[in-house]
Protein chains: 4
Amino acid sequence: MSENLSPAQNGNAVNNTGFSPNSSAEGGRLANKDGRINLRKTGVPLYERISLYHALLHMGHLTFTLTVFAIYTCLNLSFAMLYYFIGIENLRGTSLTGSFLDDFLQAFFFSSQTLTTVGYGHISPVGFVTNVIASLESFIGIMSFALVTGMFYARFSRPSAYIRFSPNFLVAPFKGGKALMFRLATYKNNHLTDADAQVTMAVHVQENGKTVTKFYPLTLEISHINSLALSWTIVHPLDEKSPLADYTKQDFIDCKIEMLITIKAFDDHFSNTVQQRTSYTQDEMVYGARFLPMYARSEDGNYTNLMLEKINHYEKVDLGEH
Amino acid sequence: MSENLSPAQNGNAVNNTGFSPNSSAEGGRLANKDGRINLRKTGVPLYERISLYHALLHMGHLTFTLTVFAIYTCLNLSFAMLYYFIGIENLRGTSLTGSFLDDFLQAFFFSSQTLTTVGYGHISPVGFVTNVIASLESFIGIMSFALVTGMFYARFSRPSAYIRFSPNFLVAPFKGGKALMFRLATYKNNHLTDADAQVTMAVHVQENGKTVTKFYPLTLEISHINSLALSWTIVHPLDEKSPLADYTKQDFIDCKIEMLITIKAFDDHFSNTVQQRTSYTQDEMVYGARFLPMYARSEDGNYTNLMLEKINHYEKVDLGEH
Amino acid sequence: MSENLSPAQNGNAVNNTGFSPNSSAEGGRLANKDGRINLRKTGVPLYERISLYHALLHMGHLTFTLTVFAIYTCLNLSFAMLYYFIGIENLRGTSLTGSFLDDFLQAFFFSSQTLTTVGYGHISPVGFVTNVIASLESFIGIMSFALVTGMFYARFSRPSAYIRFSPNFLVAPFKGGKALMFRLATYKNNHLTDADAQVTMAVHVQENGKTVTKFYPLTLEISHINSLALSWTIVHPLDEKSPLADYTKQDFIDCKIEMLITIKAFDDHFSNTVQQRTSYTQDEMVYGARFLPMYARSEDGNYTNLMLEKINHYEKVDLGEH
Amino acid sequence: MSENLSPAQNGNAVNNTGFSPNSSAEGGRLANKDGRINLRKTGVPLYERISLYHALLHMGHLTFTLTVFAIYTCLNLSFAMLYYFIGIENLRGTSLTGSFLDDFLQAFFFSSQTLTTVGYGHISPVGFVTNVIASLESFIGIMSFALVTGMFYARFSRPSAYIRFSPNFLVAPFKGGKALMFRLATYKNNHLTDADAQVTMAVHVQENGKTVTKFYPLTLEISHINSLALSWTIVHPLDEKSPLADYTKQDFIDCKIEMLITIKAFDDHFSNTVQQRTSYTQDEMVYGARFLPMYARSEDGNYTNLMLEKINHYEKVDLGEH
């Protein structure tokens, strides 16, 4: 089937998606569900390839906390080692026990009191070398905590759209025909305005005996809304203007379609444009279904209630095909 | 009346406001006076539904300070408890009194000296467990204050438009006809440039026996100004091009109109676009009135004086209706 | 003269500058040289009218440092007072001297050691009340320094255009006629791209016996440049399309012209749009002059040299008028 | 040759690049490889000419760390000097040794313990002057670290595009003719969307016996891509619409061409527009070559592999010229 579809689609295929039309160079889906490109970069050393900033913003909270704690502990251990080898007799207030562990622990506790600048003073440095190292350690302590303060803030203030997408996209009845539909809503106490949606469809078709990837921007019924107040059902009508007009359920599967979605909006708390991307493949298609409402007037009638657990609520419908 | 108005208005009603046309799903007003959508979200756990960032930026200064202080006190109490149960004989410099309160207080004061890293040292930790906990506490102290530093900055630097709107909107005489008018001004030492106003009117009308909400973008006499130097009176002429052209005072009330307003501008201190939203309902309408000036040359003639207390100063006028 | 000029100009006067056409409500120049509107706001309490953020960003470095130091000293004095009145016998390590000053100083130094969390410990708190206050003071200390950290960063990272304008604007010969010209350049190690200039002329003319202010956007020969690499001479040709076409030197003075200028550009270090505004009045006009070059090839021929001290270098020329 | 080329090109030369058409005022290349303008500014004092913010963001990590450390050490030394001259008998816990070095070191270590607020307390200030200085030093310590925290964050969070350009640009076969091509890719774990490329060509031609610099915006085959997912080869076809249509290899060299490139894109981690600039001169031209692919399906077929070390991989081809 792909062969006779191809010509009709060539008309409005675009080549400025940033993805390659060469299907044989492409591994797996183009983009992951979280919108990240399914790609790895090689050929430059790791330290050049990693933006600490991007990496730290991607980490989960637990991973981040543990990483910071691990670095704190390593710094502590290293300095403790130094104090131990210089000799803990240079730490006034400690007593040489002869046991490695006990002596090392005293050095370790002094180190941690210096690194955090708590400096109780019941242990204090004596002699030139120990004093210099203690001075350096407290400097490093303050610098590290300055860095961590910045990281905390960067993670904390990172503009994010907080959009939840319906796990499935539907082929639903629409104005006497069919349409592709998926639904989204913000799930936090944030409010987006001036939201724009952009949907690009990738289809894999045969051309001159080779599989090529073609990209079509999909026309949306509504591609801009003033306020993402409630949920937003994004609709691409499968009418005569659609490059997918004649696709059957099997065609969607055979062409291994992938829908690439970008939502951009303005968040007035971040006072910034926020963006979220996702992708749907044919595996996530429900052919013949319609979304059910996900909001209603509250019981007391004073506000509207948006039920986020219903974002994927749909009912199966017969599209009148066979 | 609504029935015969409906057809005339259908022409330019829009469906991309993000609000639902289904009046029966809508509870109360659409947006609150502070521009927040009158909506609650359910169906996801609280911790997923709350953006700490948005929540902290919404808090009043007092609430924020008290929250931080409460957390500080709780942390203090928890660690004090730990030191107490390990035994305050491991805190050198304290004396076992036998009284729970006195002993606990000594542990509490040591804890607070550790958490803030003040560490006087007249009380100091002895033994492995106490030392480890003290080391951990000072680490947690520094981390917490790093977090709080970030939060302070986020609250402090949050771009805000600082716009005050007149509490009422007027139906005022305008060029031989009538116009909807409201007034706004910045009330702080901020200066906005390239200000844009967008006004959408929601009216509730009968259609096929059901109440539906229709949305009309309102044409403004001036919708962009270069500099929000003085006050700005926003004017929607109720002329033949207006969807509300034939509305009487009673029609405004019957249709439960709601005007949704968004002001966007550039603040060159934040070097950012700032946005403020508000909404007016029919309750806030003054039918037949005109705004009085709110600025004048200063007494010494060297500057212009903007009198913010006059933002809602108007005088009643007869619109020549009956 | 103004009367016969007025009609010709009415054609393209604009009313969306945000300034009032009512000259009698206007005091002094519209905008100051630094671009701030020449305006004061009254009618709201000071604490509501001041945005701490805007105020702190406006302060000079010295004022800011002194303000912070003054607050630090006041906090210190207040807590010292508290410790003194509770009794410095509750500060172990101090000795009651009987002299108010000596006793107070001991309390003051303890207070400062607590507020900065340096906590040497040679003075330490004894008893419930003193301990609670010390605990509170170290908490306030850390909170204050968290705040100050944020303020430092806000001041430090505030996007700024760093543009220097020529102190004078010229009426210069241009393509056989005349043109208004002024010159600007960035004076720091910053680089602006995609720079846009917007110039609005305010003239005071007689209309129906009253002085009114009219505003004309001025057409510029080049209003956008890709890169603010060298200096930029902004040129408004006084040709037949200009609202000021027929103005003589005296007309400029009689109409008390004021040119309002906004430059917007992108700074890729701030990764942000930066904006700078200024204004010229007739007092800053040099009638009949031409700017001299302010850049040249360096002596070694390897780079271009931009001589900022020459930003206002011009030579007088005869415009052929009499 | 330049003479007969000049007329043809005059048609679409532009004068809003911000660079001067006067070749004799221009020293060396216009922009450096890192996109900075090849320009020095003089005529204002250094402290006015330097934006600390811009300077700190330009520094390498090592330079920055060493600078901070140097300042820390200088502060330490200055305060140590003060304590020494006041007399270290005012530092309780030290012992007057009579040796300058030993006494000074004790003062130095006390100073560093105060500056970092570690304050062990085995050395503590005695007397009014020493106490006041110590109080000041701990205040300065905290202020400095507040500043450094801000600087760390500014460096850390500076939006950057992380784009790598091919070191060479090619004149490659393209659709039966020729085209200028260069290639770029992001080399970190960042993802850019909505990328725009802008290319301006500077050529030096003879006009009326003088060398003038002319600037031509170059039309690109694709100047906008939705997602900078893989590499992006930027193509300017040397067809009849190109101002460089008839250029031979020698012409490119004789005209000392310089291509100025700006890439703008949106990074959703910074939630900001990022920009990177570069420039190519005739020395970086490879005449007659074609880029080889730099990405391929991974071995396990699950993702695409972008090989950054191949960004400049090309093969020589014959352009059929002689």
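As the structure is a prediction and not an experimental result, all values here were calculated from the model. So that the names make sense, note that chain A is the first sequence line, chain B the second, and so on, each numbered from 1.
Residue C/Ala296 touches chain D through its backbone alone, counting heavy-atom pairs closer than 4.5 Å. Contacts of D/Thr200 with chain C are made by side-chain atoms alone, with heavy-atom separations under 4.5 Å and no backbone atom involved. Proximity to chain C (any heavy atom under 4.5 Å) is shown, for D/Val14, by neither the backbone nor the side chain. Heavy atoms closer than 4.5 Å to chain C are found in the side chain of D/Ile142, but not in its backbone. For C/Phe266, the part lying near chain D is the side chain, with the backbone staying farther off; criterion is any non-hydrogen pair under 4.5 Å. Proximity to chain C is limited to the side chain of D/Phe110, based on heavy atoms less than 4.5 angstrom apart. Contact annotation for C/Tyr303: both backbone and side-chain heavy atoms come within less than 4.5 Å of a heavy atom of chain D. Using a 4.5 Å cut-off between heavy atoms, C/Leu105 touches chain D through its side chain atoms alone. Residue contact with chain D, scored on non-hydrogen atoms closer than 4.5 Å, is absent for C/Ser160. For C/Phe156, the parts sitting under 4.5 Å from any heavy atom of chain D are the backbone and the side chain alike. Using a 4.5 Å cut-off between heavy atoms, D/Asn15 touches chain C through backbone and side chain atoms alike. Only the side chain of C/Asp267 comes within contact range of chain D, with at least one heavy atom under 4.5 Å from a heavy atom of that chain. For C/Asn302, the part lying under 4.5 angstrom from a heavy atom of chain D is the backbone only. The parts of D/Ala55 that come within reach of chain C are both its backbone and its side chain, each placing non-hydrogen atoms under 4.5 angstrom from that chain.
Chosen from C/Asp300, C/Ile123, C/Thr193, C/Asp102, the residue pairing most often with chain D at heavy-atom distances under 4.5 Å is C/Thr193. Of the listed residues (D/Ala31, D/Ala161, D/Ser124), the greatest number of heavy-atom pairs within a distance under 4.5 Å of chain C belongs to D/Ser124. Interface remark: of the candidates D/Glu48, D/Arg49, D/His54, D/His54 forms the most heavy-atom pairs closer than 4.5 Å to chain C. In terms of heavy-atom pairs under 4.5 Å with chain C, the best-connected choice from D/Leu147, D/Thr149, D/Val274 is D/Leu147. Of the residues considered (C/Phe152, C/Trp232, C/Tyr162), C/Phe152 shows the highest number of contacts with chain D, using heavy-atom pairs under 4.5 Å. For chain D, the option among C/Arg164, C/Lys188, C/Glu309 with the highest count of heavy-atom pairs below 4.5 Å is C/Lys188. When each of D/Phe139, D/Phe19, D/Tyr120 is scored by its heavy-atom pairs under 4.5 Å with chain C, the top score falls to D/Phe139. When each of D/Lys41, D/Met151, D/His58, D/Glu26 is scored by its heavy-atom pairs under 4.5 Å with chain C, the top score falls to D/Lys41. Ranked by heavy-atom pairs shorter than 4.5 Å toward chain D, the options C/Thr186, C/Leu115, C/Asn272, C/Thr65 are led by C/Thr186. Of the listed residues C/Gly150, C/Gly93, C/Gly119, C/Ser157, the one with more heavy-atom pairs under 4.5 angstrom with chain D than any other is C/Ser157. The residue among C/Asn226, C/Ile311, C/Thr304 with the most heavy atom pairs within less than 4.5 Å of chain D is C/Thr304.
With hydrogens and angles disregarded, no donor-acceptor distance shorter than 3.5 Å links the side chain of D/Thr63 to the backbone of D/Met59. A donor-acceptor distance shorter than 3.5 angstrom exists from the side chain of D/Ser23 to the backbone of D/Thr213, with no hydrogens or angles considered. C/Glu315 contributes no side-chain N or O that, together with a main-chain N or O of C/Arg290, makes up a donor-acceptor pair within less than 3.5 Å. C/Gln106 places a side-chain N or O within 3.5 Å of a backbone atom of C/Ser95 that can act as its donor or acceptor partner. Distance alone, capped at 3.5 Å, is enough to place a donor-acceptor pair between the D/His236 side chain and the D/Thr219 backbone.
Using a 4.5 Å heavy-atom threshold, the side chains of C/Asp196 and C/Ile263 count as separate. Counting only heavy atoms from C-beta outward, the side chains of D/Arg40 and C/Met307 never approach each other to under 4.5 Å. The closest side-chain heavy-atom distance from D/Val129 to D/Asn90 is not below 4.5 Å.
Under 3.5 Å, the side chains of D/Ser135 and C/Tyr72 contain a donor-acceptor pair of N or O atoms. Using modelled atom types, one finds a donor on one side chain and an acceptor on the other under 3.5 Å when comparing C/Asp103 with C/Thr97. Side chains of C/Ser231 and C/Lys310: a donor-acceptor N/O pair is absent below 3.5 angstrom, by distance only. Side-chain N/O atoms of D/Glu258 and D/His204 include no donor and acceptor closer than 3.5 Å. Between C/Ser111 and C/Asn76, the side chains place a donor N or O and an acceptor N or O closer than 3.5 Å (distance only, hydrogens not considered).
The distance from atom CG of D/Asn32 to atom OG1 of D/Thr278, rounded to the nearest 0.5 Å, is 9.0 Å.
A salt bridge is defined here as a Lys NZ or Arg NE, NH1 or NH2 lying under 4.0 Å from an Asp or Glu carboxylate O, and C/Asp194 with D/Lys264 meets this definition.
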